[in-house]
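Worksheet: the structure to be examined is printed underneath.
As the structure is a computational prediction, the values presented were derived from the model and not from experiment. We count ligands from 1, going down the list as the structure has it; atoms in each ligand are counted the same way. We're numbering straight along the sequence, starting at 1.
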Amino acid sequence: MKILYSNLVRNIDKIVSKYRDNGIFVVIDSAVYDIFTDCIESLRATGIRSVYKLVAVESTKSIDEAVSLWQWLGREGANRQSLIVNIGGGITTDLGGFVAATFKRGCDFVNIPTTLMAMVDASIGGKTGINFAGLKNEVGVFADPKWILIDTDLIDTLPYTAKADGYAEMLKYGLISDSDLLRQTYDIDLENIDKKLLSGLIKRDIEIKQYLAKIDRYDRNERRALNFGHTFAHAFEALAASRKIELTHGHAVAWGMVCELYLSVIHYKFPKKELHRLHSFVKEHYTAIPIGCRDFDEIYAFMQHDKKNTTNTINFTLLEDIGRFHCNCKSSKDEIYEALEYVFL
Ligand SMILES: NC(=O)c1ccc[n+]([C@@H]2O[C@H](COP(=O)([O-])OP(=O)(O)OC[C@H]3O[C@@H](n4cnc5c(N)ncnc54)[C@H](O)[C@@H]3O)[C@@H](O)[C@H]2O)c1
């Protein structure tokens with residue numbers, strides 16, 4: 001897998017041309033289609049056979065949409081040597097990557113992430129998949145794209161909340177890896193982004209994810225550092241989905257990290273001032289999730305279904321300090337409820 005951080009239109013031509021004879025198939029988020037019209041038109045000569053536009057909402061990451069994509073590929077004559085180009089945020093790269101990895105037992109694919117979330121996280125690390133039976137990312141495969149093309153100018157059209165989603169994962173990289181990276185990440189002003197600083201941080205975040213995914217591809221030990229904040233986050237997302245409340249992954253992660261820092265203080269004496277800093281930051285920049293004490297039992301039940309659990313216990317990544325993480329940690333039900341109380345009541 002290779003990552004390119006330069007002009008994507010110029011580079012994509014070189015990358016995709018070897019697939020000309022077997023066909024290039026573009027899966028694109030309809031929200032960014034206009035931005036890519038010229039690029040797609042200029043690539044028709046290079047072998048783009050067909051374009052599939054999707055509406056990127058969480059319910060699109062479904063088995064029905066995957067079936068529709070497999071049918072489209074079959075109908076349009078794709079074969080195992082074809083190339084699938086996924087253009088969009090995490091919904092598009094997760095779904096498009098899953099479809100590419102399973103069609104004819106696996107085709108090559110390229111990701112062009114268009115959200116900050118997909119640049120720093122979703123398009124990297126080989127996890128692809130769909131939601132199933134009301135559970136997030138319940139079905140999927142590990143598969144790496146051949147190329148990832150990152151162009152930070154693509155985030156210019158993102159609304160503030162979507163930038164904040166990706167930024168939550170950037171804060172996570174700082175918290176799990178080093179205080180200098182965390183400090184520089186807090187320095188980013190999402191209303192007025194310093195692109196040079198952002199590009200440098202994205203590169204460092206990607207290196208961290210690639211390193212952890214390399215030493216622990218199947219997410220059993222060290223890679224679980226990346227799950228920091230996510231045990232609570234996935235439960236919040238499941239709760240929101242069951243109540244038809246809109247909640248993005250990044251916002252859930254932001255609040256989930258505060259809860260898991262609270263557990264880190266209890267278990268590992270993580271510095272309280274960093275917990276308070278993150279809590280104030282999240283309160284200021286992220287929409288509150290409407291959670292009251294009557295929701296705690298349901299959140300706890302969703303946590304018990306988390307894929308990271310090995311036996312019947314709920315699994316967390318907790319921090320001893322910035323950059324010092326412990327994977328596969330347990331916490332009692334009382335501690336989990338206490339964290340929810342601290343953060344939401
Ligand atoms: N595979 C992984 O390792 C991994 C990691 C993190 C998140 N994810 C998944 O990624 C998804 C979230 O990703 P996301 O936040 O990128 O969401 P997304 O794909 O839904 O994009 C967010 C919104 O922004 C719009 N959009 C995309 N690019 C845009 C642009 N350049 N300008 C304007 N609007 C644009 C989309 O249409 C959508 O409405 C979740 O399903 C999550 O589970 C996967």
Side-chain angles (χ1 to χ4, degrees), residues 1 8 27-36 39 53-62 65-66 86-98 100-101 109 111-132 135-145 148-170 172-173 193 202 205-206 208-210 212-213 217-219 223-230 233-234 236-238 240-241 246-254 256 286 306-308:
M1 187 195 73
L8 108 179
V27 177
I28 185 165
D29 177 344
S30 54
V32 295
Y33 185 77
D34 286 351
I35 304 172
F36 282 88
C39 174
K53 286 194 226 172
L54 53 79
V55 177
V57 286
E58 200 56 47
S59 57
T60 303
K61 238 173 78 174
S62 65
E65 196 75 20
N86 301 314
I87 307 175
I91 287 174
T92 310
T93 57
D94 273 12
L95 172 69
F98 173 69
F109 64 102
N111 283 341
I112 303 180
T114 62
T115 62
L116 189 53
M117 169 66 79
M119 288 178 195
V120 293
D121 195 0
S123 68
I124 320 283
K127 285 187 183 174
T128 72
I130 54 172
N131 305 324
F132 187 67
L135 295 168
K136 280 270 300 176
N137 306 325
E138 183 71 349
V139 174
V141 293
F142 284 89
D144 282 313
I148 301 171
L149 307 184
I150 293 184
D151 178 349
T152 51
D153 285 346
L154 289 171
I155 67 166
D156 291 349
T157 49
L158 274 185
Y160 178 87
T161 52
K163 287 180 189 153
D165 283 334
Y167 184 77
E169 299 286 358
M170 295 180 73
K172 178 194 76 181
Y173 287 112
I193 293 181
I202 289 175
D205 294 344
I206 288 175
I208 295 164
K209 182 155 188 186
Q210 283 189 302
L212 291 167
R217 179 159 173 85
Y218 295 109
D219 207 1
R223 185 175 180 160
R224 290 187 170 199
L226 299 167
N227 290 329
F228 172 66
H230 284 59
H234 287 154
F236 297 154
E237 288 180 274
E246 207 177 301
L247 175 65
T248 59
H249 179 66
H251 275 59
V253 168
Y286 292 81
D306 199 290
K307 283 191 293 301
K308 295 181 293 301

Output block, N or O contacts of ligand 1, threshold 3.5 Å exclusive:
{"residue": "ligand 1", "atom": "1 (N)", "partner": "D94", "partner atom": "OD1", "Å": "2.8"}
{"residue": "ligand 1", "atom": "1 (N)", "partner": "A122", "partner atom": "O", "Å": "3.4"}
{"residue": "ligand 1", "atom": "1 (N)", "partner": "K127", "partner atom": "O", "Å": "3.0"}
{"residue": "ligand 1", "atom": "3 (O)", "partner": "K209", "partner atom": "NZ", "Å": "3.3"}
{"residue": "ligand 1", "atom": "13 (O)", "partner": "G90", "partner atom": "N", "Å": "3.2"}
{"residue": "ligand 1", "atom": "16 (O)", "partner": "G90", "partner atom": "N", "Å": "2.8"}
{"residue": "ligand 1", "atom": "16 (O)", "partner": "T115", "partner atom": "OG1", "Å": "2.6"}
{"residue": "ligand 1", "atom": "19 (O)", "partner": "G90", "partner atom": "N", "Å": "3.1"}
{"residue": "ligand 1", "atom": "19 (O)", "partner": "I91", "partner atom": "N", "Å": "3.0"}
{"residue": "ligand 1", "atom": "28 (N)", "partner": "T114", "partner atom": "O", "Å": "3.4"}
{"residue": "ligand 1", "atom": "28 (N)", "partner": "T114", "partner atom": "OG1", "Å": "2.7"}
{"residue": "ligand 1", "atom": "31 (N)", "partner": "T114", "partner atom": "O", "Å": "3.0"}
{"residue": "ligand 1", "atom": "31 (N)", "partner": "L154", "partner atom": "O", "Å": "2.9"}
{"residue": "ligand 1", "atom": "31 (N)", "partner": "T157", "partner atom": "OG1", "Å": "3.4"}
{"residue": "ligand 1", "atom": "32 (N)", "partner": "T157", "partner atom": "OG1", "Å": "2.7"}
{"residue": "ligand 1", "atom": "37 (O)", "partner": "D29", "partner atom": "OD1", "Å": "3.2"}
{"residue": "ligand 1", "atom": "37 (O)", "partner": "D29", "partner atom": "OD2", "Å": "2.6"}
{"residue": "ligand 1", "atom": "41 (O)", "partner": "E58", "partner atom": "OE1", "Å": "3.0"}
{"residue": "ligand 1", "atom": "41 (O)", "partner": "E58", "partner atom": "OE2", "Å": "3.1"}
{"residue": "ligand 1", "atom": "41 (O)", "partner": "K61", "partner atom": "NZ", "Å": "2.8"}
{"residue": "ligand 1", "atom": "41 (O)", "partner": "K136", "partner atom": "NZ", "Å": "3.4"}
{"residue": "ligand 1", "atom": "43 (O)", "partner": "K61", "partner atom": "NZ", "Å": "3.1"}
{"residue": "ligand 1", "atom": "43 (O)", "partner": "K136", "partner atom": "NZ", "Å": "2.6"}

Sequence neighbours left out, what passes side-chain contact (heavy atoms from CB on, under 4.5 Å) with D165? Give chain and number order.
-> M117, T248, H251

Salt bridge or not for K136 and D94, using N-O below 4.0 Å?
-> no

Does any non-hydrogen side-chain atom of N131 lie less than 4.5 Å from one of N137?
-> yes

Ignoring hydrogens and angles, state whether a donor on the side chain of E169 or H230 is under 3.5 Å from an acceptor on the partner side chain.
-> yes

Name all residues meeting the side-chain contact (heavy atoms from CB on, under 4.5 Å) criterion together with V139; count only those two or more places apart in sequence or in a different chain, and write none if there are none.
-> F98, I130, F132

What pairs of residues pass the side chain to side chain donor-acceptor pair (under 3.5 Å) test when at least one of them lies in residues 115-127, not counting sequence neighbours?
-> D121-K209, K127-D219

